[in-house]
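Notes follow once the structure below has been shown.
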Amino acid sequence: MFPDYDIIVVGAGHAGCEAAAAAANLGSRTLLITMNMQTIAQMSCNPAMGGIAKGQIVREIDAMGGYSGIVTDQSLIQFRMLNRSKGPAMWSPRAQNDRMLFSIKWREMLENTPNLDFYQDMVKGLLVKDGICSGVITGLGHEINAKAVVLTNGTFLNGIVHIGEKNFGGGRMAEKAATGLTEQLVSLGFESDRLKTGTPPRIDGRSLDYSKMEEQPGDEEIVGFSYLDTEKPKKQRSCWITYTNQTVHDILKTGFDRSPMFGGRIDGVGPRYCPSIEDKINRFAERERHQLFIEPEGWNTVEIYVNGFSTSLPEEVQYEALRNIVGFENAKMFRPGYAIEYDFFPPTQLKYSLETKRLQNLFFAGQINGTTGYEEAACQGLMAGINANQKIRNLDPLILKRSEAYIGVLIDDLISKGTDEPYRMFTSRAEFRTLLRQDNADLRLTELSYRLGLASQERMDKVIEKRSDVEKIKAIISEMAVEPGEINPYFSSINSSLITEKQKAQKILLRPDVGLPAFTDALPRLKEELKTFSKNSLEQASIQVKYDVYIEKEKELVQRMSQLEELEIPETFDYKKIASLGNEAREKLTRIQPRTLGQASRISGINPSDVQILMVFMGR
């Protein structure tokens, strides 16, 4: 019934979809197995992509030829560039999406991908021989052979849904859990643990009074996520802001004795940076209110997502509390919020390629590795799909450095430090965030992916053109001399100090209160010189000129730190023989098996003296 495949991807969430697309586009005969063909790329929680640091990840996925950016652009109902008031390293694109359209567009993209087959079934086990994974066993008893397997099981592994004192098996509301895999992997020596996440109630938007809320419209200009020319919507839908209050908090507290989180019925640790509403009012008791974002679920639905009100309290408590929120006085609930608890495998058991250390040709990606969020899952899926393809072809894995991509930061954090709570990406996690901006992901990553065979010729051509245009723009700005008489009126209008002699346009652009668009409007001959260049190229050139000193400093730091990254530790290195290492250092180095001294230096509990000892023993 089934042919032999190169790669089988288990699970069709964000990680699974990107893994399947990457593997198939690289030429591997790929099978995507999902328990429900109708929920491919389901937005299980909020109907949005991007945000702080997550937007950078989506742009990186797109720059490498992944699909998340394209699908996001095709299904967005609102776009905002967050943190515009800060430096460009902090700018983060975020889209509100049509939940159903997002899933439809993803399925269309996958169905139009050559080399990709689909099958609906549960995977209950792996085919394993001599320490190598060679396929899967499905719930219907089929044994399907493959050269490599990528597991992207999301919240489905032994998933339990909690609402108040009720709980039942499930990977999402109204969808059954996946069983069998955890038990087999544990029997093979893997370590597993439990995490939890949650989602808010869904509301009938017709029952809300938006006149009592603060409107949050999208940006006038939709920048989007993809570096390709995707079609953007001509209109946008607004979100709305309201707040909880003391009455709401008091009502929620009446359900605490029946809360699965406070009652000890949930063992898993929840996400620190996306806590439930009951967790917020418990941990931040001094706060009189908490902000809520009222987000539409799509173009043609009245369903509303209440961002900030994630909860697993009893339904009647949720309902009463909701109706005491301003604008929610007559709210009708489509479905209650709930928590879900599921198995994950601490990611220190993985190599940088996302292949497991214990079983060859088995890869993990997404929430199975302890992450939270669509974007974190999708980028792992992309890398797992790429590296599964590389592995079966005896090619070197693609490993992104911390200085190359947020994706590199995420994977290095997971593998070097592990996680005991759902991991979420932030700009603060990236020490080289001035280099890892959302505007330059294509310049950083497209050529790398193109050489691999994933990013298209069209993408590469766009990067070559952008690089060329940026250099031309920078040359024009650096050579043009500006007279006081032609620019001082502009300076007066923005209360900036006047000049008394000629200055280069480049020096003027270095002023913090001068941006390139306004500058060119004030200087017609500069505007004339730059009129043929795209807005993206102009923005890129402006950022490179304005932040050149900071960018160069960061590049120097990368260069200095790269020396440790280049010192590889042999796989056979025996840390137990080094008596001068402390017990904690020996135990953690033996367990994690760092690839380089750089990775060893980032392991929690490893101090600089431990690294120096390793350097001595490695003959450095």
Side-chain angles (χ1 to χ4, degrees), residues 2-34 60-70 106 109-119 123 126-127 132-136 144-153 350-357 359-366 368-369 377-401 404-405 407-408 410-411 415 445-457 459-460 595:
F2 294 96
D4 288 354
Y5 285 92
D6 292 322
I7 295 168
I8 292 174
V9 177
V10 180
H14 299 260
C17 288
E18 286 289 4
N25 282 324
L26 284 168
S28 286
R29 188 172 190 182
T30 305
L31 176 65
L32 179 59
I33 303 181
T34 172
E60 289 178 353
I61 292 168
D62 182 77
M64 294 182 70
Y67 289 172
S68 287
I70 297 170
W106 248 115
M109 294 283 287
L110 291 172
E111 289 183 351
N112 286 303
T113 300
N115 306 313
L116 182 55
D117 292 345
F118 304 85
Y119 186 62
V123 169
L126 301 171
L127 298 173
I132 299 171
C133 181
S134 58
V136 301
I144 311 174
N145 297 309
K147 296 172 185 171
V149 173
V150 182
L151 294 184
T152 71
N153 302 78
L350 300 176
K351 300 176 184 177
Y352 267 85
S353 62
L354 299 181
E355 183 184 18
T356 66
K357 294 172 182 174
L359 267 187
Q360 278 194 63
N361 299 3
L362 176 64
F363 295 75
F364 289 172
I368 192 172
N369 290 335
C379 74
Q380 291 174 70
L382 176 79
M383 299 307 293
I386 289 171
N387 285 323
N389 175 81
Q390 296 295 96
K391 179 69 189 286
I392 65 172
R393 298 176 193 281
N394 296 313
L395 299 170
D396 290 336
L398 176 65
I399 294 168
L400 297 175
K401 302 188 184 101
E404 288 179 317
I407 299 172
L410 180 142
I411 292 173
I415 288 162
L445 298 171
T446 296
E447 187 173 356
L448 197 66
S449 182
Y450 174 74
R451 290 202 303 266
L452 207 68
L454 184 57
S456 64
Q457 184 67 52
R459 288 185 181 277
M460 193 63 228
R595 202 171 53 91

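Everything numeric here is computed off the predicted structure, so don't read it as measured data.
In this structure, Ala148 and Phe363 approach most closely via the heavy-atom pair CB-CE1, 4.3 Å. Listed here is the closest heavy atom pair of Val150 and Ala388: CG2-CB, 4.1 Å. Closest non-hydrogen pair, Ile61 versus Ala378, comes out as CD1-CB, 3.7 Å. Contact between Val9 and Gly16 at its shortest, heavy atoms only, is CG1-O, 3.5 Å. In plain terms, the two heavy atoms of Asn369 and Gln380 that are nearest each other are ND2-OE1, 2.9 Å. Shortest non-hydrogen contact noted between Ala63 and Thr446 is O-OG1, 2.8 Å.
Atom CG of residue Asn389 and atom CD1 of residue Ile7 lie 5.0 Å apart, to the nearest 0.5 angstrom. To the nearest 0.5 Å, the span separating CG on Leu151 from CD1 on Ile8 amounts to 10.5 Å. In this structure, the separation between OG on Ser28 and CD on Gln390 is 9.0 Å, given to the nearest 0.5 Å. One distance of note links CG of Leu359 with SG of Cys133; it measures 6.5 Å at 0.5 Å rounding. If you take OG1 on Thr356 and CZ on Phe364, they are separated by 5.5 Å, rounding to the nearest 0.5 Å. Taking CG of Asp117 as the start and CD1 of Ile33 as the end, the distance is 10.5 Å to the nearest 0.5 Å.
Classification of Asp6 and Arg29 as a salt-bridged pair fails, no side-chain N sitting under 4.0 Å from a carboxylate O.
Within a 6.0 Å sphere centred on NZ of Lys357, other residues, nucleotides and ligands contribute more than 12 heavy atoms.
Contact of the Ile399 side chain with the Arg595 side chain is registered, since non-hydrogen atoms from C-beta on lie closer than 4.5 Å. Side-chain contact check for Leu452 versus Met64: every heavy-atom pair is 4.5 Å or farther apart. Counting heavy atoms from C-beta on, the side chains of Thr30 and Thr113 never come closer than 4.5 Å. In this structure the side chain of Leu448 reaches within 4.5 angstrom of the side chain of Leu398, judged on heavy atoms. Counting only heavy atoms from C-beta outward, the side chains of Ile411 and Tyr352 approach each other to under 4.5 Å. Put simply, the side chain of Leu382 reaches to within 4.5 Å of the side chain of Leu454, judged on heavy atoms.
Judged purely by atom type and a 3.5 angstrom limit, Ser353 has no side-chain atom pairing as donor or acceptor with the backbone of Lys351. Remark: the backbone N or O of Ala365 is not paired with any side-chain donor or acceptor of Thr152 at under 3.5 angstrom.
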Side chain to side chain contact (heavy atoms under 4.5 Å, CB included) assessment of Asn387 paired with Leu354: CA-CA 8 Å; Asn387 285 323; Leu354 299 181; 5.7 Å; no
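Using a 3.5 Å distance cut-off with no hydrogens or angles, the side chains of Asn361 and Lys147 do not pair a donor with an acceptor.
Under the side chain to side chain donor-acceptor pair (under 3.5 Å) criterion, no residue pair touches residues 7-17, with sequence neighbours excluded.
Taking the six-membered ring where the residue is Trp, Trp106 and Tyr67 present tilted rings, their angle falling between 30° and 60°.
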